[in-house]
Amino acid sequence: MIITSFCSYIIFTHDNSRKNLAKPCHLCYFLFSFHSRRAPSEKALFWLRAQEDLLEERYDFKKFEERWQRLWEEQKTFKVFEDASKPKYYCLEMFPYPSGRIHVGHTRVYVIGDVIARYKRMRGFNVLHPMGWDAFGLPAENAAIKHGIHPSKWTIENIAYMRDSQLKRMGLSYDWDREVTTCFEDYYRWNQWFFVKMYERGLAYKKLSYVNWCPSCSTVLANEQVENGLCWRCSSVVTHKELDQWFFKITAYAEELLSSCDSLTEWPERVLTMQRNWIGKSIGVEVDFRVEGSGEKLTIFTTRQDTLFGVTFMSIAPEHPMLESLITDTKQADEVRSFVQRAMREDKAARTDEKHEKEGIFTGAYAINPLNGGKVPIWVGNFVLMEYGTGAIMSVPAHDQRDFEFAKKYALPIVVVIQNLEKTLVPETMKQAYVEDGIMTNSGQFNGISNTAAKEKIADHIEQGKIGKRAVNWRLRDWGVSRQRYWGTPIPIIYCEKCGTIPVPEKDLPVRLPMDVEFTGKGLSPLAESKSFKETTCPQCGGSARRETDTMDTFVDSSWYFLRYCSPKEGTAPFDTKEASYWMNVDQYIGGIEHAVLHLLYARFFTKVIRDLGLYDGDEPFQRLLTQGMVVKDGAKMSKSKGNVVPPDMIISKYGADTARLFSMFAAPPERDLEWSDQGVEGTYRFLHRIWTLIYKHHQAIMKVKPAGREAKGDPLYRKTHITIKKVTEDIEREFHFNTAVAALMEMVNEMYDYASGGLNDGQLPVLRSAIDALTLLIAPFAPHFAEELWESLGNRNGIANAPWPQYDPEAVIALEITVVVQVNGKVRSKLTLPAGTSDKDIEAAALADAKVKEFTDNKPPKKVIVVQGKLVNVVL
RNA sequence: GCCGCUGUGGCGGAAUUGGCAGACGCAAGGGACUUAAAAUCCCUCGGGGGGCAACUCCCGUACCGGUUCAAUUCCGGUCAGCGGCACCA
């Protein structure tokens, strides 16, 4: 005894990791053998192991959460390799920006992902569950300007804190060996590689254009990064600047990005709608209007070619290139020029606001309607956009509300070409444009047919007469990727006076971000001011040249990181094609709705480009998407500025990671907003205590018995156990309803308390044991440390993380008795308890014989009796 | 304006295929244990009425209407909130 207690002392203190518990540790073995002068007997070994099966009286998470985290890490429990013997499952949460401190609003998404990953692992999947850092970005650079810390130092310190003090303490089952950090050159060099490949294919190009400019971030923004005219990051009012910028030709994939939305059947409809709206496909025709008295043609785009006969004027954008030629030699030329100058001085955002006053001026020129030869005046309109369509529009006041108002304002004619069958339209008395369907009128050979039919016929006519063609217009613009900031991937381009624009050759990649730069926050970006970075030699002629000093939008980094996780150490390519084809697609992607357009659109685009580069054979990266709700507290989104943040470390210290996880899962279904409630956290903490106390109370007794099997079929707790296994499994499988899964576990625990309250006989102990086993397994994805500790105390030595998920016994969930609800005229009047399998006829008879039913039917014969199999009887009078 | 989503107790939320509305939890109230408190355990808990009581009746899922033996669930309309798109030709 002295020896063995000495051994257990060694196990608990010296080898706290309990690594090789199937055998005593070497030191114990040695000591034991030394004292007894023989190898330990089986009996003694069992005693050693039994030490492990002791259970603390009270649930004290502090005693084991860290230990399990360390064990998982040491044993590489979550490290994965390609394994053809198992089905693979790729579970991914959108990776975080390392902003410093996260709060429980951020950790919710990781817990959701972790529950899924742990569940799938127990279901026998080979689960890839990686984590990394979207590490480039403005806050790091702003910190550098404000506090004089280098962005690299700031970022790396934040990553260390978030990883070690926050995420790891949540017990998240990541394969940390696959950690990806986008600001490291082994990652961003591939951004540059993609850039060069895209440049070679004409998918990356530079052009001078009006771009969105955030004065506060002092950089350009993509269209997707402007929300209601404000910067997506800092909410400053976005202005416009004419700059020479790099673009990715996402519009080349517009058609596919739109049409393959239909294949994303496991994405929320909301996200798909937003993407479809954003891409914005308009189908119509382009029509050439000859300018009277000149050889020039003015091309317009319209989706309403059925109204072409009703055109009474045309409008062009102030920036339209034909403007000068239209107004030369006209008497109002100067007046038009001053109007145009005034319009162009106005800010784009203001000009394109709906409430902005629509103004125009007649140019003095006329165009000829190619369908009816009609002569229509050409106006300049401040509301016509050069970026959409052709920069020129036809105006049909009778059938377009905006044109109608413009015509009324400037006394332009109105011609009805689609007649309303219910109430004849008369231009003089019209109060608004008629935009419904109707019958063609005033439209030459097309009169009398419906306007919907006329659309096709007129489009045919235009194409046959070679006066235009069918055309498609997109709302989607090319993705502006140049950023005038330091902390991002340098754009790998060299400008040579002799050779022009030259991409950096592959062998010279990466173009490293220089570390010795100054952060003043004034003037140009640190790169543009760094001589040693800027000055270089031309890779073609060897002459002096200069580097592009803009960096790439950080959304480039996140557009392909999910592929990098498949082979994060790959040094010769962005990723290993074979590994990627094993792991991809991402089976489950989880992230916030704020990326419905931004990141999710860019990542889809990149995947298609990568496919066309021949590196990957899929069309879409994310099979199934879950957009989790935000975490709110005191009625507001959790945020530093609102002062309502709850850091996970605080909850972990007070209640433990398992409570934090369980509450996040229980308080609301994942896609809905979650109200953080301190009392709710207490409640889930109490629940874990309740389980612990129950198991502690019966620990010794149940350790002596084997779990019950099918022979216990008739036992109510056995039945509840299997109902719960079924319910929890189905709730997770069906739309990840973790809240109801946890509720089911609570119900089961309540029933276990009832079951054990009156003492347990020999038949009941095994049933309780099997209930405890099942409960421990079922709660493992939600509260993994808690489950591991209990699982070990129940005599299991291989950890619960890879233990098989329990199966329910279909026979056990069938009730022996059924409760039939009896209604009279649709109102519940009685309930009957009948043996399972009672025929409909017998159920009906029993219902009609019921005293309560007789009272309500007053012994009158029922008009009709409806019996729902084993559930309900409705007696209709 | 167009499109989408949501609306259930004091609160978070259940109700899976049209079949017992309010599971589970929080808060609240009452009780047990305790010198006391904490912890724990038990009971009550949508609204209104009747009964000494076991109990029982009526109303109730934003609002109005419809389909149905039966509607939180399906259909039509209204209102409110949230989100997306919007001078897009």
Side-chain angles (χ1 to χ4, degrees), chain A residues 58 227-228 268-282 284 300-305 307 314-315 317 351-358 381-385 387-396 400-403 405-406 435 473-475 593-594 596-597 632 663 666-669 671-684 686-687 689-690 693 727 730-731 734-735 737 739-750 753 757 819-831 852 862-869 871-877:
Chain A
R58 287 186 58 78
E227 294 167 350
N228 297 319
E269 199 49 48
R270 186 155 78 118
V271 175
L272 293 173
T273 306
M274 282 162 77
Q275 293 228 345
R276 288 187 184 112
N277 279 343
W278 188 263
I279 297 166
K281 182 181 189 178
S282 295
I300 60 102
F301 171 77
T302 182
T303 56
R304 293 299 306 273
Q305 62 270 25
T307 64
M314 304 186 67
S315 303
R351 218 180 99 192
T352 52
D353 189 274
E354 193 181 358
K355 286 165 215 80
H356 194 66
E357 179 77 15
K358 291 167 198 57
N382 65 350
F383 57 90
V384 184
L385 307 171
E387 306 85 61
Y388 188 81
T390 60
I393 61 168
M394 65 176 208
S395 295
V396 187
D400 180 279
Q401 188 58 26
R402 188 192 54 207
D403 294 347
E405 283 162 23
F406 196 84
V435 294
N473 249 293
W474 302 93
R475 217 194 72 95
I593 188 72
E594 67 272 17
V597 173
V632 295
F663 175 74
F666 176 60
E671 66 279 5
R672 229 187 286 183
D673 285 355
L674 181 151
E675 170 83 33
W676 191 267
S677 140
D678 295 335
Q679 282 137 346
V681 175
E682 291 269 2
T684 41
R686 265 202 295 273
F687 170 58
H689 269 287
R690 246 167 91 74
T693 308
K727 167 90 179 140
E730 286 174 357
D731 280 351
R734 179 180 60 95
E735 304 297 326
H737 284 185
N739 56 328
T740 50
V742 175
L745 294 174
M746 289 173 167
E747 271 189 73
M748 179 173 161
V749 171
N750 290 343
Y753 264 91
S757 64
T819 303
V820 178
V821 175
V822 184
Q823 298 180 333
V824 178
N825 282 337
K827 284 186 178 164
V828 180
R829 296 301 178 188
S830 183
K831 280 175 196 181
K852 204 78 195 146
K863 201 161 101 191
K864 199 169 162 190
V865 179
I866 286 143
V867 181
V868 180
Q869 179 79 64
K871 255 189 195 168
L872 174 136
V873 180
N874 191 6
V875 181
V876 187
L877 296 177

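In what follows, every chain begins at residue 1, and chains take the letters A, B, ... in the order their sequences are listed. Since we're looking at a predicted model, the values are computed, not measured.
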(request) Look at the side-chain N and O atoms of A/N750 and state whether any lies under 4.0 Å from the OP1 or OP2 oxygen of B/A23. (result) no

(request) Remember a base hit wins even if backbone is also touched, and classify A/V821 as base, sugar-phosphate or nothing at under 4.0 Å, heavy atoms. (result) base

(message) Below the 4.0 Å mark, does B/G4 have OP1 or OP2 next to a side-chain nitrogen or oxygen of A/R276?
(response) no

(request) Look at A/E269 together with A/R276 and state whether they make a salt bridge at an N to O cut-off of under 4.0 Å. (result) yes

(message) Within the 4.5 Å heavy-atom criterion, are A/N473 and A/K281 side-chain neighbours or not?
(response) no

(message) Say we look at B/G47 and B/U8: how far apart would their C1' atoms be, to the nearest angstrom?
(response) 14 Å

(message) For B/A36, give the paired nucleotide (Watson-Crick: N1-N3 plus N6-O4 or O6-N4; G-U: N1-O2 and O6-N3; both under 3.5 Å), or none.
(response) none

(request) Select one nucleotide: of B/C20, B/C69, B/A23, the one nearest the side-chain heavy atoms of A/V828. (result) B/C20

(request) Round to a whole Å and report the spacing from CG of A/L872 to C1' of B/C69. (result) 10 Å

(request) Write down the distance separating the P atoms in B/A36 and B/G46, rounded off to the nearest Å. (result) 32 Å

(message) Taking B/C11 as the reference, what is the distance to B/A28 when you measure between their C1' atoms (whole Å, please)?
(response) 11 Å

(message) How many whole angstroms separate atom CG of A/N473 from atom C1' of B/A89?
(response) 9 Å

(request) Using a 4.0 Å heavy-atom cut-off across all strands, classify A/E269 as base, sugar-phosphate, or nothing. (result) nothing

(request) Take atom NZ of A/K831 and atom C1' of B/G19, then tell me their distance rounded to the nearest Å. (result) 13 Å

(request) State the pairing partner of B/U17; accept Watson-Crick or G-U wobble contacts with both distances under 3.5 Å, and report none otherwise. (result) none

Produce the list of close N/O pairs, under 3.5 Å, pairing protein atoms with atoms of nucleotides 56-62 of chain B; give distances to one decimal.
from, atom 1, to, atom 2, distance (Å)
B/C58, OP1, A/R829, NH2, 3.2
B/C58, OP2, A/R829, NH1, 3.3
B/C59, OP2, A/K827, NZ, 3.4

(request) Quick one: classify the glycosidic conformation of B/G51 as syn or anti, with syn meaning within 90° of 0. (result) anti

(request) Find which nucleotide of RNA chain B each of A/T819 and A/T740 is nearest to by heavy atoms, and output the residue with the more 5' nucleotide. (result) A/T740

(request) Name all residues meeting the ring pair (Phe, Tyr, Trp, His ring centres under 6.0 Å) criterion together with A/W676; count only those two or more places apart in sequence or in a different chain, and write none if there are none. (result) A/F663

(request) With a 3.5 angstrom cut-off on both distances, give the Watson-Crick or G-U wobble partner of B/A54, or none if there isn't one. (result) none

(request) With RNA chain B as reference, determine whether A/N739 or A/G826 sits nearer its 5' end, using the nearest nucleotide of each. (result) A/N739

(message) Give me the atom names and distance for the closest heavy-atom approach of A/M394 to A/R304.
(response) CE-O, 3.5 Å

(request) To the nearest Å, give me how far apart CZ (A/R686) and P (B/U40) are. (result) 6 Å

(message) I'd like to check the ring pair (Phe, Tyr, Trp, His ring centres under 6.0 Å) partners of A/F406; sequence neighbours left out, ordered by chain and number.
(response) A/F313, A/W379, A/F383, A/Y410

(request) In whole angstrom, give the distance that lies between atom CZ of A/R672 and atom P of B/C82. (result) 17 Å

(request) Tell me which nucleotide among B/G12, B/A14, B/A23 gets nearest to the side chain of A/E747. (result) B/A23

(request) For B/G7 versus B/G19, give the span between their C1' atoms, rounded off to a whole number of Å. (result) 24 Å

(message) Can you confirm whether A/M274 sits close enough to A/V597 that some side-chain heavy atom of one is under 4.5 Å from a side-chain heavy atom of the other?
(response) yes

(request) For B/G83 and B/G29, measure between their P atoms and round to the nearest Å. (result) 36 Å

(request) Take atom C1' in B/G25 and the same atom in B/U17, then report the distance between them in whole Å. (result) 28 Å

(request) Look at the side chain of A/L385 and decide which nucleotide, out of B/C88, B/G12, B/A14, has an atom nearest to it. (result) B/C88

Pairs under 3.5 angstrom, nitrogen or oxygen only, protein versus nucleotides 73-75 of chain B, please.
none

(message) Does the structure show a Watson-Crick or G-U wobble partner for B/G10, both distances under 3.5 Å? Name it, or say none.
(response) B/C26

(request) Mind checking salt bridge (charged side-chain N to carboxylate O under 4.0 Å, His left out) for A/E730 and listing every partner two or more places apart, or none if nothing turns up? (result) A/K726

(request) Step through the shown structure and confirm whether more than 12 heavy atoms of other residues, nucleotides or ligands are within 6.0 Å of CZ on A/R402. (result) yes

(message) Looking at B/C85, I'd like to know if its phosphate oxygens (OP1 or OP2) sit under 4.0 Å from a side-chain N or O belonging to A/T273.
(response) no

(message) So which atom in A/A596 and which in A/Q275 form the shortest heavy-atom distance, rounded to 0.1 Å?
(response) O-NE2, 2.8 Å

(message) Can you tell me the base-pairing partner of B/G65? Count Watson-Crick or G-U wobble geometry only, both distances below 3.5 Å, and say none if there is no partner.
(response) B/C75

(message) Given the structure, check if the side chain of A/N277 and the base of B/C85 hold any donor-acceptor pair shorter than 3.5 Å.
(response) no

(request) Kindly indicate whether the side chain of A/V873, heavy atoms from C-beta on, has any atom under 4.5 Å from the side chain of A/Q823. (result) no

(message) Rounding to an integer number of angstrom, what distance separates B/C55 and B/U61 when you compare their C1' atoms?
(response) 27 Å

(request) Taking ring pair (Phe, Tyr, Trp, His ring centres under 6.0 Å) as the test, write out the residues that go with A/F666, two or more places apart. (result) none

(message) What is the distance, to the nearest angstrom, from the CG atom on A/N825 to the P atom on B/G19?
(response) 19 Å

(message) What is the distance, to the nearest angstrom, from the CZ atom on A/R734 to the P atom on B/A14?
(response) 10 Å

(message) Can you measure A/E730 atom CD to B/U17 atom P for me and round it to whole angstrom units?
(response) 11 Å

(request) Considering only atom C1', compute the distance from B/A15 to B/A54 and round it to an integer number of Å. (result) 30 Å

(message) Any N or O donor-acceptor pair under 3.5 Å from the base of B/C20 to the side chain of A/K871?
(response) no

(request) Could you check which nucleotide pairs with B/G4 in any of the strands shown, counting Watson-Crick or G-U wobble with both distances under 3.5 Å? (result) B/C82

(request) Name the nucleic acid region contacted by A/D678, choosing base, sugar-phosphate or nothing; use a 4.0 angstrom heavy-atom cut-off, strictly under. (result) nothing

(request) Could you please name the option among B/C24, B/C85, B/G12 that lies closest to any side-chain atom of A/W278? (result) B/C85

(request) Ignoring hydrogens and angles, tell me if any N or O in the side chain of A/Y753 forms a donor-acceptor pair with the backbone of A/M748 under 3.5 Å. (result) no

(message) Side chain of A/N874 only, heavy atoms from C-beta on: which candidate in B/A14, B/C69, B/G12 is closest?
(response) B/C69

(message) Between the base of B/G25 and the side chain of A/Q679, is one N or O donor paired with an acceptor at under 3.5 angstrom?
(response) no

(request) Give a yes or no on whether a donor-acceptor pair under 3.5 Å exists between the nucleobase atoms of B/C87, that is its base, and the side chain of A/K358. (result) yes

(message) Is a donor from one side chain sitting under 3.5 angstrom from an acceptor on the other, for A/T740 and A/D731?
(response) yes

